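A quick note: this is a predicted structure, and the numbers were derived from the prediction, not measured.
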Amino acid sequence: MVPVHCEPVTADTYEAVIALDVLPGQRDYVAPNVRSLADAWAHPTAEPLAVRQGSELIGFALLRPADDTPGTVTLCRYMIDHRFQGRRLGHAGLAAVLDRVRAAGHTRVRLSVVPGNHVAFRLYRAAGFGETGDLEDGEIVLTLDLSRDATARPGRGTVLRPGPGTAPAPE
């Protein structure tokens, strides 16, 4: 499998990122990438990321450091284009995003999921995220502690930790 990695969205790549899309039935679960890029522009500390498999653009992520909690970053948006779904690239892309978060020195990741988005719940739970019991704007909040031992398998309270830019082992 060609490695999956992420890199900053640039002036050369933002139009291709905007063109990425999810399936019609998934559009209620994630904002369009044009909105996410506008949010990134409005929040200078945000980091919009192009998710790639080799040189192929396959998805998008938006990170933003939490203002109120040092060491915590919020994964505001994460999506894999509909053409690349069903190939475990969501797992590989998330692992690449988490590698970037670790490399930046963050120790915790938080995100929220729209109730009923079972695919996203499975993805985040497999990566070691757990529910906090909190709701934010009607979405379920999950967190991942990156300071834990990162060598155990997902789903056992720790996160899968592949090497930089590599995909997790198939399950």
Side-chain angles (χ1 to χ4, degrees), residues 1-10 12-40 46-64 73-102 109-131 136-144 146 150 153-156 158-171:
M1 179 177 192
V2 177
V4 174
H5 66 282
C6 56
E7 60 193 32
V9 173
T10 67
D12 293 331
T13 60
Y14 82 93
E15 288 181 0
V17 166
I18 289 170
L20 296 172
D21 201 5
V22 294
L23 294 167
Q26 299 168 327
R27 291 192 179 128
D28 289 340
Y29 297 142
V30 64
N33 290 345
V34 69
R35 164 69 191 270
S36 297
L37 290 173
D39 289 349
E47 184 177 17
L49 299 170
V51 178
R52 294 185 176 275
Q53 181 182 33
S55 62
E56 182 101 44
L57 181 63
I58 64 167
F60 172 77
L62 179 61
L63 297 170
R64 195 164 83 203
V73 66
T74 300
L75 179 56
C76 302
R77 307 275 166 35
Y78 181 69
M79 62 82 71
I80 297 294
D81 185 82
H82 65 92
R83 297 167 295 155
F84 301 98
Q85 293 180 12
R87 301 186 210 171
R88 298 199 55 81
L89 294 172
H91 293 266
L94 182 60
V97 170
L98 294 176
D99 279 343
R100 186 172 191 90
V101 167
R102 276 187 204 88
V109 181
R110 71 180 303 281
L111 55 84
S112 61
V113 178
V114 174
N117 188 348
H118 304 294
V119 172
F121 270 107
R122 281 193 304 273
L123 171 68
Y124 297 131
R125 296 290 291 163
F129 282 84
E131 293 181 43
E136 184 175 280
D137 298 325
E139 296 184 9
I140 301 164
V141 177
L142 294 94
T143 60
L144 174 65
L146 297 174
R153 299 289 299 158
R156 293 185 174 86
T158 55
V159 63
L160 179 63
R161 174 94 163 85
T166 61
E171 295 181 18

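- More than 12 heavy atoms of other residues, nucleotides or ligands shown are found within 6.0 angstrom of CZ on Phe121.
- With a 4.5 Å cut-off on side-chain heavy atoms, Asp28 and Val114 do not count as touching.
- Ile58 CD1 to His5 NE2: the interatomic distance, rounded to the nearest 0.5 Å, is 9.5 Å.
- Rounded to the nearest 0.5 Å, atoms CG (Leu111) and CZ (Phe129) are 4.5 Å apart.
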Take Thr13 and Leu57, measure what side-chain contact (heavy atoms from CB on, under 4.5 Å) needs, and give me the verdict at the end.
-> CA-CA 9 Å; Thr13 60; Leu57 181 63; 5.8 Å; no
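- Salt bridge status for Asp39 with Arg77: present, with a side-chain N to carboxylate O gap under 4.0 Å.
- Taking the charged nitrogens against the carboxylate oxygens, Glu136 and Arg110 do have a contact shorter than 4.0 Å, which makes a salt bridge.
- Using a 4.5 Å heavy-atom cutoff, the side chains of Val97 and Val109 are not in contact.
- Atom CZ of residue Arg52 and atom CG of residue Leu89 lie 14.0 Å apart, to the nearest 0.5 angstrom.
- Within the 4.5 Å cutoff, side-chain heavy atoms of Leu49 are placed close to those of Glu47.
- Shown here is Arg27, whose CZ atom has more than 12 heavy atoms of other residues, nucleotides or ligands within 6.0 Å.
- The side-chain heavy atoms of Leu75 and Leu62, taken from C-beta on, include no pair separated by under 4.5 Å.
- Of the possible polar contacts, none joining the Tyr124 side chain to the Ser112 backbone as a donor-acceptor pair under 3.5 Å is found.
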